[in-house]
Amino acid sequence: MVLKVFFPSCCSSAESGILIGCWISKQSSAVILAVVHFPFIPVQVKQYLSEVQRVTKVSVSVLGTWSNSKQEKEESLSEFLEDLGTIFSHEPWIQISKEGDSKFWSCSALRKHSNNLKEEEIILVYYDQRKVMLSHLHPPLDTATSTDQEADDALKLSAIFDTVAKSKILFMTDRYDDGPIKLTHWQSDGNISGVCRSRVLKFWPLSFLWSKLSTCEQLGHRLQHLQVISSSQKAQNQTQLMRKANIFVSLLIDVVLGILLMSWLYRKNRIGHLADTLIPVADHVAEELQDLLQWLMGAPAGLKMNRALDQVLGRFFLYHIHLWISYIHLMSPFIEMILWYVGLSACLGLTVALCILSDIIALLTFHIYCFYVYGARLYCLKIYGLSSLWRLFRGKKWNVLRQRVDSCSYDLDQLFIGTLLFTILLFLLPTTALYYLVFTLLRLLVVIVQGLIHLLVDLIDSLPLYSIILRLCRSYRLAAGVKFRVLEQQDGKPLRLLMQINPLSYSSVVQTYRLPTYSCYPKDSWTSLCKKLFLGELIYPWKHKGEKQD
Amino acid sequence: MEERRYRSAGGAPIALRRRQHSASCRELAVRCPRLQLCSLSAVTSAVWLAAYGLFALTENSMVLSAAIFVMLIGLIMYLHFVKIDQESLLVIGSLGIQVTSSYASGKESTTFIEMSQVKDVVINEAIHMQKVIYYLCILLQDPRDPQGISEVVPLFQSSKPRLDCLIEVYRSCQEILDQRKTVPQ
């Protein structure tokens with residue numbers, strides 16, 4: 001039978017790796033679900049696949065290899081890929097390779113246990129993974145009169161649709177998540193999940209802004225809630241009913257608080273006063289930064305800096321601040337009007353107002369963010385350069401293929417230049433490190449303030465108010481158990497007990513009925529955060545679900 | 001109904017009260033040592049001395065009123081959430097075991113464990129710092145494995161009676177638990 005390979009279109013540009021998916025032997029078709037990238041440890045991949053198999057009841061396994069070489073075909077890589085066939089044995093072992101940007105890929109299937117020397121015919125079918133996963137296949141209406149042949153055909157396609165739909169859990173992690181396995185599938189396209197799937201937002205600048213502003217995230221979240229409430233489907237069980245009620249009460253309280261805030265802001269023209277104080281505050285922040293830079297350019301805390309580098313960095317940042325102040329002054333006549341109209345959106349909810357506040361803080365301190373990025377990149381380059389040249393100094397080299405340090409014999413002129421550069425970088429380190437330290441601390445301060453606001457927004461979003469009020473007023477509705485009380489007894493008569501309902505404690509009510517929020521808290525532990533700070537890697541304090549960052 | 005005096009693991013006097021409501025229902029209540037007047041006055045005077053010292057430094061009378069407020073709130077919260085007055089065990093044969101703790105402010109927190117979940121009631125030894133203490137606990141059955149134990153529920157955790165008191169409670173419980181072995185359900 002002809003071998004059919006169903007390949008997801010989103011993986012066409014994926015880097016080389018191994019293919020995982022499902023093999024349907026009855027129809028001789030391989031449905032590829034994702035690509036696992038190098039480096040990986042085979043044992044971990046097998047463990048992960050058995051986990052996925054256990055949860056989804058779909059027999060996911062390693063089907064073959066995928067090589068995407070941008071240049072000429074590399075011989076060593078092809079041997080390596082064949083070796084993988086012995087580690088993950090699968091019958092047949094599929095090898096797909098793409099060269100450069102060519103549309104026509106070479107695909108071969110190895111069968112170890114067959115004596116058939118004739119080349120097997122392969123059909124490559126591309127499918128849009130996301131659409132197949134979400135769609136529901138409707139069988140033809142006249143199934144009663146269909147012949148067996150048609151039923152078989154329907155079975156074939158529905159098997160493929162089912163396989164993709166059931167493997168949703170596989171699409172939860174992808175190569176942007178930190179983990180032992182890096183996958184590529186439809187999620188790696190970075191689709192904007194949310195209610196507004198309008199085409200306008202797919203254009204690059206708008207989608208970028210949409211994902212960066214927390215106000216838009218919050219609005220999307222609330223729209224989702226509205227959808228849940230206004231859906232005509234009746235709640236099937238208790239949990240769904242409570243969830244709907246919680247969302248409704250939370251939205252109501254949010255809007256009421258927002259309208260209260262709005263009425264307070266617009267009374268006595270407080271918003272005008274706010275707009276008036278905004279520009280002087282931004283100016284004040286910029287002036288403080290300038291003073292800080294002047295201090296750094298001198299002899300900060302008694303430390304002696306490298307004068308030339310100090311002056312260069314200091315002047316560069318000072319010019320930045322000068323530009324920033326000019327932009328702020330350019331915007332100043334419009335600030336009051338913008339703030340007035342933006343303040344009206346507080347009627348959509350208190351959470352939206354808080355998110356707007358957080359976004360305004362982010363925009364006003366954008367220059368601090370820029371400085372942090374410059375300082376961090378400079379410091380990171382310096383650290384990597386120093387570590388690499390330190391290895392050269394000791395006569396060692398980083399082996400990229402084996403991911404370890406190996407000894408290496410350098411030429412004399414390589415050693416000379418390397419040592420020279422190492423000395424230069426080492427003596428310039430304190431200056432760069434000090435700038436990096438100062439700007440990182442400032443950035444962390446801003447992050448902490450924004451974090452507190454987001455914490456408050458999350459609290460309002462996720463608190464199940466309806467459940468708490470129910471526990472307060474009708475505590476018998478939420479039962480943790482029962483309790484017995486012994487009533488008056490009389491000899492010879494049966495034992496009399498009173499059974500009462502033991503209500504759930506408030507902490508378990510909140511834990512059980514918490515509404516899910518869209519933000520994930522930082523996955524970095526404190527040690528990995530300190531390590532990133534030390535190495536100069538950029539830290540992203542919070543990743544939102546559905547947002548991809550590199 | 002009878003009441004006997006014993007001592008807790010720390011040496012404070014406690015009282016055990018036993019009531020037999022029927023042949024298969026017994027209530028065992030252990031009354032914890034009361035809040036001592038001397039410790040209460042010691043804490044109060046320490047807090048007020050500190051507040052007065054702060055007032056002498058800052059010349060702000062708000063410190064004194066804040067200290068009184070903090071003291072009152074602290075006392076109420078201690079009585080409502082921390083100080084346990086009485087711990088009782090109600091064993092109802094073929095129904096279950098109910099564990100109740102009553103706090104000094106009158107709050108009661110109850111847990112009921114069904115008889116089918118109870119494997120046994122035993123006295124366990126524990127090494128805590130430099131002491132070896134005995135405690136009574138209920139062993140819960142693992143629904144998947146009839147021989148295994150899924151959870152251990154310790155009893156009388158704040159009154160901490162000594163072994164002699166525990167033996168009395170243990171005997172009373174076992175008399176009722178024995179009934180379920182002789183009368184197959």
Side-chain angles (χ1 to χ4, degrees), chain A residues 47 50-57 169 237-239 242 455-456 459 462-514, chain B residues 1-3 17-29 77 80-82 84 86-103 105-118 138 140-141 143 150-151 153 155 172-173 175-177 179-180 183 185:
Chain A
Q47 256 177 350
S50 59
E51 264 290 310
V52 171
Q53 218 166 330
R54 192 176 58 85
V55 175
T56 59
K57 316 269 186 293
I169 197 166
N237 55 10
Q238 171 79 341
T239 349
M242 292 292 276
L455 212 67
L456 194 61
L459 186 71
S462 68
L463 200 64
L465 273 172
Y466 176 72
S467 308
I468 292 180
I469 295 174
L470 199 67
R471 167 71 181 82
L472 207 61
C473 304
R474 303 253 186 279
S475 53
Y476 57 84
R477 292 274 297 267
L478 303 163
V482 292
K483 57 186 176 196
F484 290 93
R485 210 176 73 196
V486 184
L487 301 171
E488 253 179 67
Q489 304 302 321
Q490 202 180 46
D491 285 333
K493 297 284 189 349
L495 181 67
R496 290 169 72 228
L497 296 169
L498 176 69
M499 183 173 94
Q500 289 166 314
I501 297 194
N502 201 7
L504 212 56
S505 66
Y506 286 99
S507 52
S508 4
V509 166
V510 170
Q511 223 172 353
T512 326
Y513 291 109
R514 267 191 79 189
Chain B
M1 162 145 123
E2 46 178 279
E3 183 164 325
R17 199 177 60 192
R18 274 196 302 189
R19 274 183 82 160
Q20 175 126 1
H21 296 288
S22 91
S24 63
C25 176
R26 274 201 203 155
E27 187 176 349
L28 302 137
M77 290 195 49
H80 193 69
F81 291 110
V82 177
I84 293 184
Q86 177 177 290
E87 284 171 317
S88 72
L89 197 66
L90 178 68
V91 186
I92 310 171
S94 82
L95 201 59
I97 302 181
Q98 177 168 289
V99 182
T100 320
S101 317
S102 354
Y103 290 83
S105 62
K107 179 172 99 155
E108 277 188 13
S109 112
T110 331
T111 358
F112 181 73
I113 303 166
E114 285 172 63
M115 206 44 114
S116 55
Q117 279 183 319
V118 172
I138 307 178
L140 298 186
Q141 221 162 28
S150 72
E151 211 182 315
V153 179
L155 304 170
S172 301
C173 286
E175 279 167 19
I176 304 208
L177 287 178
Q179 288 174 2
R180 67 170 177 172
V183 181
Q185 290 166 358

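Reckoned from all heavy atoms, side chains included, excluding hydrogens, waters and symmetry mates. In the text below, chain A, chain B and the rest are named by the order of the sequence lines, each starting its count at 1.
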Is there a side chain to side chain contact (heavy atoms under 4.5 Å, CB included) between B:Ile92 and A:Val486? Walk through the geometry before answering. CA-CA 10 Å; B:Ile92 310 171; A:Val486 184; 5.8 Å; no

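Residues A:Leu495 and B:His21 share a closest heavy-atom pair of CD1-CB, 3.8 Å.
In this structure, B:Glu2 places its CD atom where more than 12 heavy-atom neighbours from other residues, nucleotides or ligands lie under 6.0 Å away. Within a 6.0 Å radius of CD in B:Glu3, other residues, nucleotides and ligands contribute more than 12 heavy atoms. Within a 6.0 Å sphere centred on CZ of A:Arg514, heavy atoms belonging to other residues, nucleotides or ligands number 12 at most.
The only option from A:Lys483, A:Arg485, A:Gln500 that meets the side chain to side chain contact (heavy atoms under 4.5 Å, CB included) definition with B:Thr110 turns out to be A:Lys483.
Side-chain contact between A:Asn502 and B:Phe112 is absent, with no heavy-atom pair separated by less than 4.5 Å.
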